[in-house]
**Q** 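Submitted below is the structure of interest, expressed as structure tokens.
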Amino acid sequence: MPELPEVETTRRMLEPVLVGRVVRDVIHTDPERYRNTTAMLGKQIRAIERRGKYLILRLDDGLDCIVHLKMTGGFRTTELPFLEPPRFERLRLVLHDGEVSYVDSRRFGFWEVLPRNEWAHLGTLAKMGPEPLEDEFALEPFQAAMAKVSKVKPALLSQKPVAGVGNIYADESLWHAQIHPEASKLSAAQSKRLHTAIREVMTRAVAVGGSTLSDNSYQQPNGEPGYFKLQHAVYDRAGQPCPRCGSTIEKYFLAQRGTHFCPRCQPKP
DNA sequence: ACTGGTTCCTGCGAGC
DNA sequence: TGCTCGCAGGAACCAG
């Protein structure tokens with residue numbers, strides 16, 4: 001499930017394939033889900049950026065193409081033309097010197113082409129918090145926000161205190177910081193540990209291409225998996241020993257999300 | 001302004 | 001082997 005590390009990996013791999021190219025065709029059959037994509041025709045892709053879990057293709061004439069991969073979205077690129085469409089292909093970008101395929105088995109992801117930075121109707125994007133791997137992710141404002149939360153994990157998932165944290169990286173970061181997912185009103189020391197943990201977890205995950213959970217979930221655009229799952233301490237490890245203390249990792253549901261934690265390292269407050 | 005619940009969608013793995 | 005069934009979850013949306 002693409003979170004910041006998976007989306008950033010995707011962005012980096014798409015950059016040399018897309019930037020500078022002109023969009024010759026956009027092929028799909030779902031104009032409700034992939035909105036206004038005909039506006040891309042004939043436009044050059046000037047840059048590909050990322051904001052939280054959103055990809056933003058910057059096009060000629062002041063247009064942005066917003067892409068959200070949601071649960072199962074992803075890209076496939078090849079050096080040669082595709083001999084057959086990749087499995088679960090939903091959209092294909094035809095460029096003057098190649099093609100890029102967008103796949104999404106569950107069809108939760110969406111595309112929308114709109115005038116530059118006109119994101120008001122996408123509330124989560126418009127109100128996105130600071131990027132955790134940039135200097136803008138300052139400690140003091142994060143501590144101030146965390147001092148008010150009622151439950152820390154749902155707060156992280158809101159994208160407001162910090163951008164790009166999803167279910168996997170919330171669980172992993174809270175384990176590293178030794179904070180229970182339902183902890184409220186974090187102390188300055190707790191928030192500092194969490195701030196450090198988010199930066200470290202995200203940095204290490206980006207370095208290895210993100211997390212691939214199973215064959216059908218996220219893959220890098222070249223078809224390779226991401227290797228961060230090998231470093232997961234708690235996520236998808238219920239019943240296995242905590243790497244820090246050896247206690248058995250537990251899983252339960254918090255705000256409708258599978259939540260993994262170590263009951264000894266992350267005691268319930 | 002918040003919180004909490006529902007919805008979208010479908011492949012897959014577990015269980016029988 | 002083949003079937004059913006519940007799980008996976010980001011974020012838009014809606015109700016309270």
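Because only heavy atoms are used, hydrogens play no part in the values below, and waters and symmetry mates are left out as well, while side chains stay in. Below, chain A is the first sequence line, B the second, and so on; all start at residue 1.
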**Q** How long is the line joining CG of Leu125(A) and C1' of dA11(C), in whole Å?
**A**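 Nearest whole value for this atom pair: 12 Å.
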
**Q** If we fit an axis to the first five pairs and another to the last five of the helix from dC2(B)-dG16(C) to dC16(B)-dG2(C), what angle do they make, to the nearest 10°?
**A**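 About 40° separates the two local helix axes.
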
**Q** Is the number of heavy atoms from other residues, nucleotides or ligands within 6.0 Å of CZ (Arg204(A)) greater than 12?
**A**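 Counting other residues, nucleotides and ligands, CZ of Arg204(A) exceeds 12 neighbours.
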
**Q** Look at the side chain of Lys70(A) and decide which nucleotide, out of dC12(B), dC9(B), dA11(C), has an atom nearest to it.
**A**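 From the listed options, dA11(C) comes nearest.
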
**Q** For Gly109(A), which contact category applies under a 4.0 Å heavy-atom criterion: base, sugar-phosphate, or nothing?
**A**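 Since no nucleic acid heavy atom lies under 4.0 Å of Gly109(A), the category is nothing.
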
**Q** Decide whether a cation-pi geometry holds between Arg90(A) and Trp111(A); the criteria are a distance under 6.0 Å from NZ or CZ to the six-membered ring centre and an angle within 45° of the ring axis.
**A**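 No, Arg90(A) does not lie over the aromatic ring of Trp111(A).
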
**Q** Answer with base, sugar-phosphate or nothing: what part of the nucleic acid does Tyr54(A) contact at a heavy-atom distance below 4.0 Å?
**A**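 It contacts sugar-phosphate atoms only.
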
**Q** Sort me out a list of protein N/O and nucleotides 1-6 of chain B N/O pairs below 3.5 Å, or just none if empty.
**A**
unit_1: dG5(B); atom_1: OP2; unit_2: Gln256(A); atom_2: OE1; d: 3.4

**Q** Would you call the rings of Tyr169(A) and His232(A) parallel, tilted or perpendicular, where under 30° means parallel and over 60° means perpendicular?
**A**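 Geometry flag for His232(A) against Tyr169(A): perpendicular rings.
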
**Q** Compute whether any side-chain donor of one residue and acceptor of the other, for Gln159(A) and Tyr54(A), lie under 3.5 angstrom apart.
**A**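 Distance-only check fails for Gln159(A) and Tyr54(A).
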
**Q** Taking C-beta and beyond as the side chain, do Val149(A) and Met146(A) meet within less than 4.5 Å on heavy atoms?
**A**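 When only atoms from C-beta onward are counted, Met146(A) and Val149(A) do touch, with a gap below 4.5 Å.
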
**Q** Taking everything shown except Lys43(A) itself, do over 12 heavy atoms lie less than 6.0 Å from its NZ?
**A**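 Enclosed: over 12 neighbouring heavy atoms sit under 6.0 Å from NZ of Lys43(A).
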
**Q** Hey, does Pro130(A) have a side-chain heavy atom less than 4.5 Å from the side chain of Phe142(A)?
**A**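 The answer is no, as the side chains (C-beta and beyond) never meet within the 4.5 Å cut-off.
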
**Q** Please work out if Lys153(A) contacts a base, only the sugar-phosphate, or nothing of the nucleic acid, heavy-atom cut-off 4.0 Å.
**A**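 Since no nucleic acid heavy atom lies under 4.0 Å of Lys153(A), the category is nothing.
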
